[in-house]
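Contents: one structure, followed by commentary.
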Amino acid sequence: MRPIPPGFSRRALDGADAVLRDDVAEALAGAGVADPESLRKRAATRFEGRGRPFGVDVRGAGRVFVRQYLHGGALRKVTGDLYRGEGRFLGELEALVAAAAAKVPVAEALGVVSRRAGLGMRRGWLLAREVESSADLLTLLGRDPPPTSRRAILEAAGRAMRSLHDAGFEHPDLHLKNLLAVPGGEVLVIDLDGVRRHDSLSREQRLAGLWRFDRYAAKQAAAGLCVSRTDRMRVLRAYAGRDWPGRAELRDLARRLARHVARHESVRP
């Protein structure tokens, strides 16, 4: 069984198993998080994306973001929302707590809830603090913010990605939808499901994450969305900071990135 992060406790709640942050556990339990889907009827906000996330007001805990765990890719058609054990859910909770402790800008974790689904399988939900008036970067860029604000947001995104990598976290799905701009100018890295932590990230691991980011951004631009080459470069420059490579290395990286994009385009269905 995975360890529970400090400041969290395990509870049995009306047929559910929950790991909740101690200071809001009573409020969450009283609000009915044992059955997260029942809270959807009281949703104050609803979001697009996998897991049908929503936000609900909980007295004593504020606005709580709820996201169900769903498999992606081919597994989604086979197992859907079913997982063997709690490892996947506790893994993200652990990652969020550890990243916050390492000063990485991430969502504030409140807990996870899981329910048995027969044959040793479980369904799970993440609970986190919802930041009101926030928006993912793709949505925000689509609103065409003023140039000064746009530049500041993109640079904050690059710094957030660098902070994540410097703390040793390898994010499997780092892209514009998983970067959340919040009031005050900060950008949070979200959706740490499947994130792996290492003592440190190698140069190749960092590049793999940056190339995933850039490939996604380029795809949105090709689809006619409001993402420019300058936008992408501002994120990458902010990530690099004083470590921006020299001209020869940049040419090599550009060739490698082009091959990376072409390879992934060639295997698209």
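Computed over heavy atoms, backbone and side chain alike; hydrogens, waters and symmetry mates excluded.
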> Does atom CD of E204 have more than 12 heavy-atom neighbours, drawn from other residues, nucleotides or ligands, at distances under 6.0 Å?
Replying inline: yes
>> Please report whether the ring centroid of F169 lies less than 6.0 Å from that of H198.
In response: no
> Which atom pair, heavy atoms only, marks the closest approach of R206 to Y239?
Replying inline: NH1-OH, 3.1 Å
> Between L82 and A117, what is the shortest heavy-atom contact and its length?
Replying inline: CD2-CB, 3.6 Å
> CZ of R40: more than 12 outside heavy atoms within 6.0 angstrom?
Replying inline: yes
>> Measuring from atom OG of S114 to atom OH of Y83, what distance do you get when rounded to the nearest 0.5 angstrom?
In response: 12.5 Å
>> Give me the atom names and distance for the closest heavy-atom approach of A217 to R232.
In response: CB-CG, 3.6 Å
> Roughly how far, to the nearest 0.5 Å, is CG of L141 from CG of L179?
Replying inline: 10.0 Å
> For residues T139 and D136, is any side-chain donor paired with an opposing acceptor at under 3.5 Å?
Replying inline: yes
> What are the two closest non-hydrogen atoms of F8 and R21, and how far apart are they?
Replying inline: CD2-N, 3.3 Å
> With ILVMFWY side chains joined below 4.5 Å, transitively, what does L39's cluster contain besides itself?
Replying inline: L13, L20, V24, L28, V33, F54, V56, V58, V64, V66, L110, V113, W125, L127
>> Going by side-chain contact (heavy atoms from CB on, under 4.5 Å), name the residues that satisfy it together with E26, two or more places apart in sequence or in a different chain.
In response: R11
> What residues form a salt bridge (Lys or Arg N to Asp or Glu O under 4.0 Å) with R150, not counting sequence neighbours?
Replying inline: D144, D231
>> Hydrophobic clusters here meaning ILVMFWY residues chained together by side-chain heavy-atom distances under 4.5 Å, can you tell me if L138 and F213 are in one?
In response: yes
>> If the test is side-chain hydrogen bond (donor to acceptor under 3.5 Å, both in side chains), which one of R122, E92, R88 qualifies with Y69?
In response: E92
> So with a 6.0 Å cut-off around CZ of R63, is the heavy-atom count from everything else above 12?
Replying inline: yes
> For the side-chain contact (heavy atoms from CB on, under 4.5 Å) test, which of L93, V97, V19 pairs with I4?
Replying inline: V19
> For the atom pair CZ (R212) and CG (D173), what is the distance rounded to the nearest 0.5 Å?
Replying inline: 8.0 Å
> Is a donor on one side and an acceptor on the other found under 3.5 Å between the side chain of H171 and the backbone of I190?
Replying inline: yes
> Using 4.0 Å as the upper bound for N to carboxylate O, is an ion pair formed by R52 and E37?
Replying inline: yes
> Can you name the closest pair of heavy atoms from L70 and D81 and give their distance?
Replying inline: CD2-CB, 3.3 Å
> In terms of heavy-atom contacts, does CG of D14 have more than 12 from other residues, nucleotides or ligands at under 6.0 Å?
Replying inline: no
> Does the ring centre of F47 sit less than 6.0 Å away from the ring centre of F65?
Replying inline: yes
> So, for G158 and A238, which heavy atoms are closest and what is the spacing to 0.1 Å?
Replying inline: CA-CB, 4.0 Å
> Could you state the interatomic distance from CG (L180) to CG (D191), rounded to the nearest 0.5 Å?
Replying inline: 11.5 Å
>> Taking atom CZ as the centre, does R59 end up with more than 12 heavy-atom neighbours from other residues, nucleotides or ligands that are less than 6.0 angstrom away?
In response: no
